[in-house]
Amino acid sequence: MAEQNNNLVIAIDGHSSCGKSTAAKQLAKKLNYTYIDSGAMYRAVTLFSIQNNLVNGDVVDIDGLKNSIDNIKIHFTFDEENQRYLTWLNNVIVEDEIRTIEVSDKVSPVSKIGFVRSKLVKLQQDLGKTGGIVMDGRDIGTVVFPNADVKIFMTASVDVRAKRRFDELIAKGDKVSFNEVEKNIAKRDYIDQNREIAPLKQADDAIVIDNSFLTREEQLQKILNIVNN
Ligand code: DC
């Protein structure tokens, strides 16, 4: 049984800024699994699009991005010293750049493009094929790993999520208003849930966790109970 558990595929989907990545990282550490942040991949493609003037407001230069898509190389490493995962875009660490409000603002129109999704879904499936992974995102339990061993759908109220993301950005020194952050989250929820390809939705066999009133520890315990069962 213990041997089998080393290879589980654990999918954590849910709304923007609901603490999926915190939970997924804690869980991966506890189980000694690899953590993969699929949202970071969509963010990296968005950063590439901004850097190459392929996105203007909410409008993406689809042909331009299509022509460049094969030049986008994304990988992850773990920084032991600072105990954090790093996202690389074409051999440059972009972990901080992909978390700005500008990228958050433009990531939804980029992530609804079909050829962007197929490229990233394939990369996610390759990274997960040996098991022993926790991957978080929007379509992990529905599209990327429909046969995942454990599927969790996380959520929290828009207010709670906006407050958490706002505190995080302010702590990093970003100059944002609470209103701006709340609007961004509500807008991303809408686009993520209503896009044509792989919209955010709860898999039929996912277990829902609303963490609006849970501490990180309580949340981790809940997930560990699910995994152990
Ligand atoms: O998890 P995140 O907030 O960092 O994700 C950023 C955006 O990427 C999110 O608004 C929607 C998109 N995304 C997606 O479409 N599919 C995924 N599997 C992960 C993220």
Side-chain angles (χ1 to χ4, degrees), residues 8-31 33-46 74 76 85 87 98-99 104 107-108 110-114 116-129 131-158 160-162 164-165 184-212 214 216 218-220 222-227 229:
L8 297 181
V9 171
I10 302 176
I12 304 188
D13 289 303
H15 291 104
S16 294
S17 303
C18 70
K20 295 184 298 296
S21 67
T22 305
K25 279 181 212 160
Q26 279 180 312
L27 181 65
K29 193 168 178 191
K30 195 92 185 167
L31 300 175
Y33 276 21
T34 304
Y35 162 66
I36 296 162
D37 178 353
S38 68
M41 299 182 188
Y42 290 94
R43 288 174 178 273
V45 174
T46 305
I74 298 165
F76 299 104
Y85 285 87
T87 307
I98 60 170
R99 311 280 166 198
S104 298
V107 66
S108 287
V110 171
S111 55
K112 65 181 186 187
I113 300 171
V116 171
R117 300 205 72 82
S118 350
K119 177 187 170 95
L120 298 186
V121 165
K122 179 159 186 322
L123 181 57
Q124 289 150 15
Q125 288 171 336
D126 282 349
L127 289 171
K129 67 179 171 223
I133 58 148
V134 182
M135 189 178 294
D136 72 341
R138 303 295 187 288
D139 59 343
I140 310 305
T142 51
V143 174
V144 182
F145 296 116
N147 298 320
D149 302 288
V150 179
K151 296 184 189 178
I152 290 166
F153 189 88
M154 278 180 47
T155 189
S157 70
V158 173
V160 167
R161 288 186 279 139
R164 288 181 189 155
R165 181 51 67 104
N184 172 261
I185 287 178
K187 181 174 154 194
R188 281 203 285 150
D189 280 357
Y190 182 82
I191 302 181
D192 292 348
Q193 286 169 169
N194 291 285
R195 70 178 170 224
E196 224 167 279
I197 311 168
L200 167 66
K201 65 169 195 266
Q202 187 193 321
D204 293 338
D205 47 354
I207 296 175
V208 181
I209 297 183
D210 182 328
N211 66 16
S212 300
L214 293 181
R216 286 181 180 186
E218 288 167 338
Q219 168 174 278
L220 177 64
K222 243 181 197 279
I223 301 177
L224 280 171
N225 290 342
I226 295 169
V227 172
N229 287 328

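In what follows, residues are counted from 1 in the order of the sequence shown. Reckoned from all heavy atoms, side chains included, excluding hydrogens, waters and symmetry mates.
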Please report the shortest heavy-atom distance between R164 and C18, naming the atom on each side. NH1-O, 3.6 Å
Nearest heavy-atom approach of A44 to T87 is CB-CG2, 4.4 Å
Grab the two heavy atoms, one from I140 and one from A11, that are nearest each other, plus how far apart they are. CG2-CB, 3.5 Å
Does I74 reach the side chain of Y42, with side-chain heavy atoms less than 4.5 Å apart? no
Can you list the steps and then say if I209 with L214 is a side-chain contact (heavy atoms from CB on, under 4.5 Å)? CA-CA 9 Å; I209 297 183; L214 293 181; 3.9 Å; yes
Close side-chain approach of K30 to I223, heavy-atom, < 4.5 Å: no
Enter the distance from L31:CG to I133:CD1 here, rounded to the nearest 0.5 Å. 12.0 Å
Please check this pair: side chain of D136 against backbone of I12, looking for a donor-acceptor N/O pair closer than 3.5 Å. no
Check side chain to side chain contact (heavy atoms under 4.5 Å, CB included) between T46 and all other residues, then give those that pass, not counting sequence neighbours. I50, V103, K106, V107, V110
With side chains defined as the heavy atoms from C-beta onward, is the minimum distance between R195 and S111 less than 4.5 Å? yes
In this structure, CG of N211 is separated from OG of S157 (nearest 0.5 Å) by 9.0 Å
Can you check side-chain contact (heavy atoms from CB on, under 4.5 Å) on F76 and T34, steps first, answer last? CA-CA 11 Å; F76 299 104; T34 304; over 6 Å; no
From K112 NZ over to I191 CD1, what is the distance, rounded to the nearest 0.5 angstrom? 5.5 Å
Indicate yes or no: at least one non-hydrogen side-chain atom of S16 is less than 4.5 angstrom from one of R138. yes
Any chance you could measure L27, atom CG, to I10, atom CD1, to the nearest 0.5 Å? 4.5 Å
How many angstroms lie between atom CG of D192 and atom CG of D139, to the nearest 0.5 angstrom? 10.0 Å
Separation between CE (M135) and OG (S38), nearest 0.5 Å, reads 6.5 Å
Hey, are the side chains of H15 and F153 touching, using non-hydrogen atoms and a 4.5 Å cut-off? yes
Which atom pair, heavy atoms only, marks the closest approach of S212 to A156? OG-CA, 3.3 Å
Taking the side chain as every heavy atom from C-beta outward, state whether Y85 and I36 have any pair of such atoms under 4.5 Å apart. no
Nearest atoms (heavy-atom pairs only) where P146 meets K151: O-NZ, 2.7 Å
Would the distance check show the side chain of Q125 and the main-chain N or O of V144 forming a donor-acceptor pair, the cut-off being under 3.5 Å? yes
For the pair R161 and T155, evaluate side chain to side chain donor-acceptor pair (under 3.5 Å) and give the outcome as yes or no after the intermediate values. CA-CA 9 Å; R161 288 186 279 139; T155 189; 5.0 Å; no
Name the one of V45, V121, I197 that satisfies side-chain contact (heavy atoms from CB on, under 4.5 Å) with V116? V45
What residues form a salt bridge (Lys or Arg N to Asp or Glu O under 4.0 Å) with R99, not counting sequence neighbours? D37, E95
Which residues share a salt bridge (Lys or Arg N to Asp or Glu O under 4.0 Å) with R188, sequence neighbours left out: none
What one should report as the nearest heavy-atom pair of V143 and A198 is CG2-CB, 3.8 Å
Applying salt bridge (Lys or Arg N to Asp or Glu O under 4.0 Å) to D149 and not counting sequence neighbours gives none
Those residues that, when tested against I207, pass side chain to side chain contact (heavy atoms under 4.5 Å, CB included) (two or more places apart): I226
Can you tell me if D126 has over 12 outside heavy atoms packed within less than 6.0 Å of its CG? yes
Does atom NZ of K222 have more than 12 heavy-atom neighbours, drawn from other residues, nucleotides or ligands, at distances under 6.0 Å? no
Applying salt bridge (Lys or Arg N to Asp or Glu O under 4.0 Å), name anything that partners K201, two or more places apart in sequence or on another chain. none
